[in-house]
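First comes the structure, then the notes that go with it.
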2 protein chains.
Amino acid sequence: MTRYSEIKKILKSHKLRVTDGRVDTLEFFLRQAKTLSLKDLEKEFKNSDRVTLYRTLSSFTEHGVLHKIPDDSGHATYGLCHDTCSSEDHSHDHMHFKCNECGTIECLEQNIPVVKIPGYHVKEANLILKGICKTCAA
Amino acid sequence: MTRYSEIKKILKSHKLRVTDGRVDTLEFFLRQAKTLSLKDLEKEFKNSDRVTLYRTLSSFTEHGVLHKIPDDSGHATYGLCHDTCSSEDHSHDHMHFKCNECGTIECLEQNIPVVKIPGYHVKEANLILKGICKTCAA
DNA sequence: TTACTTTTGCAACAGTGTTGCATATAGACA
DNA sequence: TGTCTATATGCAACACTGTTGCAAAAGTAA
Ligand SMILES: [Mn+2]
Ligand SMILES: [Mn+2]
Ligand SMILES: [Zn+2]
Ligand SMILES: [Zn+2]
């Protein structure tokens, strides 16, 4: 199976129309294998419209191809979902790591510990660790 | 001791000049006893300049009167520090809770569990829980 | 009171995110 | 394959938070 047909398959399985821009964007995510921001896409696809890239990220997130990683920096970052995610079931319990040196944000394997607080209904948890990543620490 | 002299004392102990705006802002934080954003201050102090309020939050944060609470919504929120915080020592390990209904962000007593990841240097952790707060759940 | 330092108010700008709308295109179906 | 309809795209424009520069005002210490 070619890379292109694989990407098309992913898009279709998430009920997304196959367009050139979406194929390129998804291919970029798969090739980079790391989280990306709108800015990253803008740099990569200089001829593409900013708003279209923005909407690509939105629809990917909505359809379970990507998940939005909460960040206080003002730069929204996106990471690939696992195969299990769809428009319907789209949940993530893993934590994230932001490197103070290279700036990359990584999805970690580890899940966020369950926290219970008397009187509260906890429905969601976001844990972001900061420090020096494996690559930069080496 | 009057409220005003108490507030003056707090400002001075954090090496901040006592100005009308700072007294009002700190008084508001103490009275509300909850986290506040720049927007909240703008609503309360309609005659004040937005930039001045912004800088008040900045200097308070810098001098250990407030701590900035990371939020992905784009609204930076601030909470009072404990008495122990100063310009020098200004650390927080507690988690925060954001209510999906009333929108308030609370500082929780509980500290964030320590997470270790092989190969990484974790220096900071931010855990934000979301759901329904005690007041809204009742 | 004076002299020095910091804060304030105003204007202006930067950056991200977001919407509306006309046009182009993908996917479905005859 | 050609036609139709819903969706995606490109462009312009806007909303909003955060941020800086600078001159005038105010705080503090001598
Ligand atoms: Mn992730
Ligand atoms: Mn707090
Ligand atoms: Zn790194
Ligand atoms: Zn609530």
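A note on names: the letters A, B, ... follow the listed sequences, proteins ahead of strands, and every chain is numbered from 1.
B/Arg50 comes within contact range of at least one nucleobase, with a heavy-atom separation under 4.0 Å.
In this structure, B/Leu41 places its CG atom 13 Å from P of D/dT17, rounding to the nearest Å. Here D/dG18 presents its C1' atom at 14 Å from CG of B/Asp71, a figure rounded to the nearest Å. If you take CG of A/Leu57 and P of D/dT9, they are 12 Å apart, rounded to a whole angstrom. At whole-Å resolution of the value, CG in B/Leu38 and P in D/dG18 are 6 Å apart. For the pair A/Asp72 CG and D/dG18 P, the computed distance is 12 Å after rounding to whole Å.
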Readout for nucleotides 22-30 of chain D: B = base within 4.0 Å of protein heavy atom, S = sugar-phosphate only, - = neither; 5' to 3' it is -----BS--
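The existence of a salt bridge linking B/Glu27 and B/Arg31 is confirmed by a sub-4.0 Å separation between a basic side-chain nitrogen and an acidic carboxylate oxygen. In this structure, A/Lys34 does not pair ionically with A/Glu106, as no charged nitrogen and carboxylate oxygen lie closer than 4.0 Å.
Both A/His63 and B/Lys68 lie close to DNA chain D; mapped to their nearest nucleotides by heavy-atom distance, the more 5′-ward contact belongs to A/His63.
Contact record, B/Leu127 with B/Ile112: N-CD1, 3.5 Å, taken as the closest heavy-atom pair.
Side-chain rings of A/Phe60 and A/Phe29 stay apart, their centers remaining 6.0 Å or farther from each other.
Side chains of B/Phe97 and B/Ile128 form no contact here, defined as non-hydrogen atoms less than 4.5 Å apart. B/His92 places a side-chain heavy atom less than 4.5 Å from the side chain of B/Cys81. Side-chain contact check for B/Leu80 versus B/Leu26: some heavy-atom pair is nearer than 4.5 Å.
The nucleotide range of DNA chain C contacted by chain B, defined by atoms under 4.0 angstrom from heavy atoms of the protein and reported 5' to 3', is C/dT5 to C/dA11.
For B/Asn126, the side chain to side chain contact (heavy atoms under 4.5 Å, CB included) test picks out A/Lys130, B/Pro70, B/Glu124, with sequence neighbours left out.
Distance from the side chain of A/Thr56 is smallest to D/dT9 among D/dT17, D/dT19, D/dT9.
Shown are B/His67, B/His82, B/Glu109; of these, the side-chain hydrogen bond (donor to acceptor under 3.5 Å, both in side chains) with B/His94 is made only by B/His67.
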